[in-house]
Each structure stands twice: as C-alpha cells, then as structure tokens.
Amino acid sequence: MTIARPRGTNDILPGESEQWQVLEEAIHRICQAYGYREIRTPIFEHTELFERGIGETTDIVSKEMYTFSDRGQRSLTLRPEGTAPVVRSFLEHKLYGQALPTKLYYVGPMFRYERPQAGRYRQFYQFGVEAFGSGDPALDVEIIAMPIQVYKELGLETFEVCINTIGCPDCRPAYREALRSHLADSKSQLCRSCQTKYDRSPMRILDCKEATCQELTKDAPLILDYLCSGCRDHFAEVKRYLELLEVDFVHDPRLVRGFDYYTKTVFEIKVESLGAQDAVGGGGRYDRLVEEMGGPPTAGVGYGVGMERVLLALQQQAGDALKPSGMDGFLAQFGGATKEQAVVLAHRLRALGLKVDLDYLDRSLKAQMKAANRSGARWVMIIGQEELENNQARIRWMYDGTEEAVDFDTAAQYLAAKGKEPITQ
RNA sequence: GUGGGUAUAGCUCAGUUGGUUAGAGCGCCAGGUUGUGGCCCUGGAGGUCGCCGGUUCAAGUCCGGUUACUCACCCCA
C-alpha cells in the first residue's frame, strides 16, 4: 500500500460527489428561502475561541480538538463546530450594529479527534444556521422547521424530532440543586462518568444510557416544574407554533445536549436506522453566548446538521433521487480528419451547454460505442470518412438505435434543441 | 482512551486436517462484426495473500506482535 488517507477522513469520489452537490444545492436554496445568508469563516481559529465558546469541561474541548502551534507560536485549532466561529465573526465585524435579526448559515468541514465509527468521522461536514438578535419563540420554530424541509425535499421522510427546554441561568440553578438532592443518596450507584457530572453538570446525567443511571433518574424532578415564567411561556409558545406548522415532535424531558451555552429550547432530529450515531441534526437557543464572548447582550438560536449522516439516511431511504445524470452525447471518430471534425463539434456542443465526450485512446468504433453507452449518452455522433465526404454527421439515438444524418453546420444547434426534450424511453 | 469483528485481484468474496504454477463472480481490455452500445460467446491483463517475526521439510492456512478498516462504549453531527 502507498500512503493512505488519515484515519477518520474520507475521499468523496465521483458517484458520491454528485450526491453532495444535490444536498448542497438544497441547503443553499432552502436557507435563502428563509432569509439566511451564507457566511464563510476560517477552518482554523485561535484555540481560546473554542475553550471560551464551547466550554472547557466539554468532551470536545478537553480531548477532541485538533490543536497545533504555528510558526509564530500561536495556538490554533481546527474548528470542531460552527457556532463559536460565527459568533466571533458576528462580533468582530460588529454585525449587531446592522438591522436585526442577523440570519446566517454556513456549510463546511469540522474536525474532532474521535474514534471513527458509522456516521462519525474526524473530518466531517456540517451545515448550520445561526440567528442573532431575537428571542422570539417563532424564530426557534423557524430554526427547527428549516432542516426538516431540507430532509423532506431530498426524500428523507422517516425521522423523529425531539425538543426540550433546559431553562435559563435564572431558573436552572434551582433545578440543578433539586436534581442533586434527588440523587444525593444514590450518588455512589451512578456510573463513573455520571459521578463526575453530578458536580459539574447534573442535567447531563438525565441522558446517560446506563440502565442503572436511567433507573435512578426515573422519578427525578422535571425541569418543567422549575422554569421561571419567561422560560415556561417561551416553551409553550414553541410548542404552539410547532403545532401550527404541523411539525410532528416529541417532548423528551431528558434531552439536554452537550454544549454549555444552550438556554431554553434544545432540539435534536434522529434517524433510527443510522445505528448508534443517529442524530442527523440538533441545536437550540443560546441567549447568553454572545455576551459571554464579549459582545452586547444578544439572543441567539441555531442548529447544526451532519451532512454525512443525512446522506447515509438518504441512501437508505431515498435510493433513486441521488442518481447522477449521465452525459448528453458522445462523438465517435476514426482518427485523422474525422477526429478534427469531432473535436471541433464537441467544442461547439460544449459551448452550448451540452455534456459531451469523445475518445482519446484511438479505440475502435465498437469500443467507443461501449464507452458512450457507459457514460449514459443519449446519442452518439459518428463521424467517419463517408460522413466527411457528405458533410453530414450520423446521429445514433441510443435508446432505440435509430439513426439520422445531420449537416455538420447545424448539428450542434439541432442536438442542443433536441437535448432539452424529455427522453421518451 | 476501552472492547469485539475483519484484512486474499479494481470490487464482492471462496480457499479443505498446513502440501506443488492461489481461484470464482462482477468490472476492465481485446476478439467474435475490415464502421455500431446494451444480451451472449471466447481470450487476456491484473495478486509482495495488510506488515514484521516465530513454529515447520513446507504457512494464504497455526502462533505472537503490529498497522489499518469496521462496529460498539464514551460523546456527538
């Protein structure tokens, strides 16, 4: 073996790259339909940005970042998520000084040092959106509806939308205390990681998969009973708007999510058939993050979607929608002057926007026909000595094998017009 | 970071209790048609059996190590 790709990375080869293009097209189109505009931030940032933005205690920051020093001894990190860089850019360019809310989306690679498995890679692609400057629950719902529309338009129908609220810094402390006191006596029975969560972020114990932890939290107090009136009203409004939009959802009181910065609404969208890594998207509200990062108090809400996971789910659920379209035509020739004519006509056809190819290996007509068939060409233009003498190309329609003669001068225009007609067979 | 599974042709995989020139299907190339694709037939190219070491007269096969892939845990998209 020669040099292989780094662990957890993928080459996206022809055949699959077309699927990515379909997905990316839908993302751009739908984000723009909702009034979001694309932002492109650097692939790497100062390490400090993620330490402050995501939270030093999270797994991502404590053990999953690709961090390195550049030649100027700056500590830089390949971005592990999209929100912190967008917030940084929002502040750096003082976008809060313009008309609010600011609605942004991004598409691109993220990097986390983890053991790869199905649906999880070290370099993976996310698209996400962030909306700054409004605390309106209708905006939370817009944010939830957007990825759902992307899934549906691509043909992904089977997924589950889970929502929850995790309160705000005013009401959450009381709930955390209630949770701690509920678990105080049984703390020693919790799994190892949950024992450390007990002090640091007890709510994360709620989504532990250990059977004993689940059992111990079964009758734990619910945050709904501890919400301040603002958070309670907000959550009720979110649910009401979701119902108005006829978005099916389940309220999962155990959904808490990993980042420290979330407030109020959190949500996650799952596809069961994906295996252990079943979340195709997730997000929530983060009304304090912008201020914590040194900006003016600014509400925010956003989500991130794992594009590999969407494609995996799509490959399971939507088969044909992702098939790449083939070539329009192929020009077969016999070398010498016939090749010159083919090269000229191919050039003209391509200038007219048709997808055409020709042989560059001096192969037999039979081999050229085979290549044409394989490329998906609808027609083959055959240019031999006889055609040259008559100044006419022979056009063979591949779906039924019929042939016709067309003047070289008009062939390109003729095929360009024909190319727009639907294939009947 | 922890655990399980796997590693033979471009791809998907066979390969007997260790035994001579390691096979199939698909794909690729050529021919069957001195200028015609798909179906069919014939032929061909293509492999340091992941890597290193050990046992043995003999290792693709057994043993040890190692690397990669893969699934799961943790966590997340």
Side-chain angles (χ1 to χ4, degrees), chain A residues 1-10 13 15 54 57-64 79-83 107-128 147 191-194 196-197 201 204 207-210 213 255-259 267-271 274-283 302-313 329-330 332-335 338 359 361 363-388 394-403 425:
Chain A
M1 198 56 185
T2 46
I3 298 171
R5 66 188 189 278
R7 177 162 218 202
T9 63
N10 288 111
L13 302 176
I54 305 173
T57 62
T58 60
D59 280 17
I60 288 178
V61 172
S62 61
K63 57 187 190 191
E64 294 176 0
R79 62 181 185 194
E81 60 97 46
T83 299
V107 185
M110 305 294 165
F111 305 84
R112 290 181 202 169
Y113 189 87
E114 297 185 273
R115 284 281 287 264
Q117 69 185 81
R120 184 164 72 193
Y121 314 98
R122 290 184 171 181
Q123 173 173 339
F124 62 100
Y125 290 78
Q126 270 190 355
F127 81 90
C191 73
R192 194 179 192 79
S193 69
C194 282
T196 60
K197 288 178 195 165
S201 49
R204 304 267 307 271
D207 71 349
C208 181
K209 287 169 193 156
E210 282 295 326
C213 297
L255 178 64
V256 294
R257 301 200 45 84
F259 297 137
F267 72 98
E268 201 165 280
I269 304 175
K270 296 177 185 174
V271 174
L274 284 182
Q277 310 305 321
D278 61 354
V280 291
Y303 66 78
V305 168
M307 293 167 68
E308 287 86 351
R309 293 183 186 177
V310 172
L311 287 174
L312 282 171
F330 192 95
Q333 39 77 24
F334 299 84
T338 65
D359 176 62
L361 294 170
R363 287 192 286 199
S364 67
L365 179 62
K366 177 177 176 157
Q368 293 185 60
M369 292 299 297
K370 210 172 164 182
N373 187 54
R374 205 166 21 214
S375 77
R378 301 172 60 210
W379 49 261
V380 174
M381 183 187 291
I382 299 167
I383 304 168
Q385 203 54 47
E386 199 179 308
E387 285 76 16
L388 228 44
R394 179 173 287 274
I395 309 294
R396 180 182 177 88
W397 294 94
M398 297 295 271
Y399 61 91
D400 65 358
T402 57
E403 298 190 356
Q425 278 187 347

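Throughout, a chain's letter reflects where its sequence line sits, starting with A, and its residues are numbered from 1. What you see is a predicted model, and the numbers here were worked out from it, not measured in a lab.
When rounded to the nearest whole Å, the span between CZ of A/R122 and C1' of B/G1 equals 11 Å. Whole-Å rounding puts the A/L255 CG to B/A77 P distance at 11 Å. The distance from atom CG of A/N373 to atom P of B/C28 is 10 Å, rounded to the nearest whole Å. Taking atom CD of residue A/E81 and atom P of nucleotide B/C75, one finds them 18 Å apart after rounding to whole Å. Taking atom NZ of A/K63 as the reference point, atom C1' of B/C74 lies 6 Å away to the nearest angstrom. Whole-Å rounding puts the A/R120 CZ to B/C71 P distance at 11 Å. Distance CD (A/Q117) to C1' (B/A77): 12 Å, rounded to an integer number of Å. Following rounding to the nearest Å, A/D207 (CG) and B/C76 (P) show an atom-to-atom distance of 7 Å.
A/L388 contributes atom CG, which lies 11.0 Å from atom CD of A/Q333 (distance to the nearest 0.5 angstrom). With values rounded to the nearest 0.5 angstrom, A/Q277 atom CD is found 11.5 Å from A/K270 atom NZ. Here A/Y125 contributes atom OH and A/Q123 contributes atom CD; the two are 4.0 Å apart, rounded to the nearest 0.5 Å. Once rounded to the nearest 0.5 Å, the distance linking CD of A/Q126 with CZ of A/R309 reads 9.0 Å. The structure places CD1 of A/I54 at 4.0 Å from CD of A/E81, a figure rounded to the nearest 0.5 Å.
With P as the reference atom, B/C62 and B/G5 are 14 Å apart, rounded to whole Å. A distance of about 23 Å separates the C1' atoms of B/G44 and B/U48, rounded to the whole Å. Using atom P as the reference point in both B/G25 and B/A68, the two lie 35 Å apart (nearest Å). As rounded to the nearest Å, B/U21 and B/U36 have C1' atoms that lie 41 Å from one another. Comparing the C1' positions of B/A24 and B/G38 gives a spacing of 24 Å, expressed to the nearest Å. Nucleotides B/G23 and B/G46, compared at atom P, are 14 Å apart to the nearest Å. Rounded to whole Å, the C1' atom of B/A45 lies 14 Å from the corresponding atom of B/G31. Straight-line distance between the P atoms of B/A58 and B/G19: roughly 14 Å, to the nearest whole Å.
No engagement by A/Y125 is indicated, since no non-hydrogen atom pair under 4.0 Å with the nucleic acid exists. At a threshold of 4.0 angstrom between heavy atoms, the contacts of A/R363 are confined to the sugar-phosphate backbone, with no base atom among them. Using a 4.0 Å heavy-atom criterion, one finds that A/Q368 contacts no nucleic acid atom at all. Residue contacts for A/E114: at a heavy-atom cut-off of 4.0 Å it reaches a base atom on one of the strands shown. Across all strands shown, A/R115 has heavy atoms under 4.0 Å from base atoms, whether or not it also approaches the sugar-phosphate. Base contact: A/G401 has a heavy atom under 4.0 Å from a base atom. Among the atoms of the strands shown, base atoms are found under 4.0 Å from some heavy atom of A/Q385. Counting any heavy atom pair closer than 4.0 Å across all strands shown, A/K370 reaches sugar-phosphate atoms only and no base atom. The residue A/I60 sits apart from the nucleic acid: no heavy atom pair falls under 4.0 Å. Across all strands shown, A/K197 has heavy atoms under 4.0 Å from sugar-phosphate atoms exclusively, and none from any base.
Closest-nucleotide positions on RNA chain B for A/M307 and A/S364 were compared, and the one nearer the 5' end corresponds to A/S364. Summary of the strand contacts: A/T402 and A/D59 both lie near RNA chain B, and taking for each the nucleotide with the nearest heavy atom, the more 5' one is attributed to A/T402.
Looking at the side chain of A/E64, the nearest of the listed nucleotides B/G3, B/G32, B/C75 is B/C75. Here the nucleotide nearest the side chain of A/R112, chosen from B/C73, B/G37, B/A77, is B/A77. Picking from B/U36, B/A77, B/C73 the nucleotide with the shortest atom distance to the side chain of A/F124 gives B/A77. The side chain of A/A118 has B/A72 as its nearest neighbour among B/A72, B/U70, B/C29. Of the listed nucleotides (B/U36, B/C29, B/C73), B/C29 has the atom at the smallest distance from the side chain of A/R374. When the nucleotides B/A77, B/U36, B/C75 are ranked by their closest atom to the side chain of A/L365, B/U36 comes out on top. Distances from the side chain of A/R204 to the nucleotides B/A77, B/C75, B/G37 place B/C75 closest.
Side-chain N or O atoms of A/R394 include none that pairs as donor or acceptor with a backbone N or O of A/I383 at under 3.5 Å. Side-chain atoms of A/R396 never come within 3.5 Å of backbone atoms of A/V380 as a donor-acceptor pair (strictly under, hydrogens ignored). Between the side chain of A/R79 and the backbone N or O of A/P109, at least one donor-acceptor pair lies under 3.5 Å.
Under 3.5 Å, the side chain of A/E387 and the base of B/G35 form at least one donor-acceptor pair of N or O atoms.
Checking B/U61 for Watson-Crick or G-U wobble geometry (two distances, each under 3.5 Å) identifies no partner in any strand. B/G25: Watson-Crick or G-U partner is B/C11, with both key distances under 3.5 Å. Nucleotide B/U42 forms a Watson-Crick or G-U wobble pair with B/A30, both donor-acceptor distances falling under 3.5 Å. Judged by Watson-Crick or G-U wobble contacts below 3.5 Å, the nucleotide B/G47 has no partner. Across all strands shown, B/C69 is found opposite B/G5 as a Watson-Crick or G-U wobble partner, with both distances under 3.5 Å. Partner assigned to B/U55 is none, using Watson-Crick or G-U wobble distances below 3.5 angstrom.
You'll find the side chain of A/F330 reaches within 4.5 Å of the side chain of A/Q368, heavy atoms only.
Between A/Q126 and the phosphate of B/A77, there is no side-chain N or O to OP1/OP2 separation shorter than 4.0 Å. For A/R257 and B/A77, the shortest distance from a side-chain N or O to OP1 or OP2 is below 4.0 Å.
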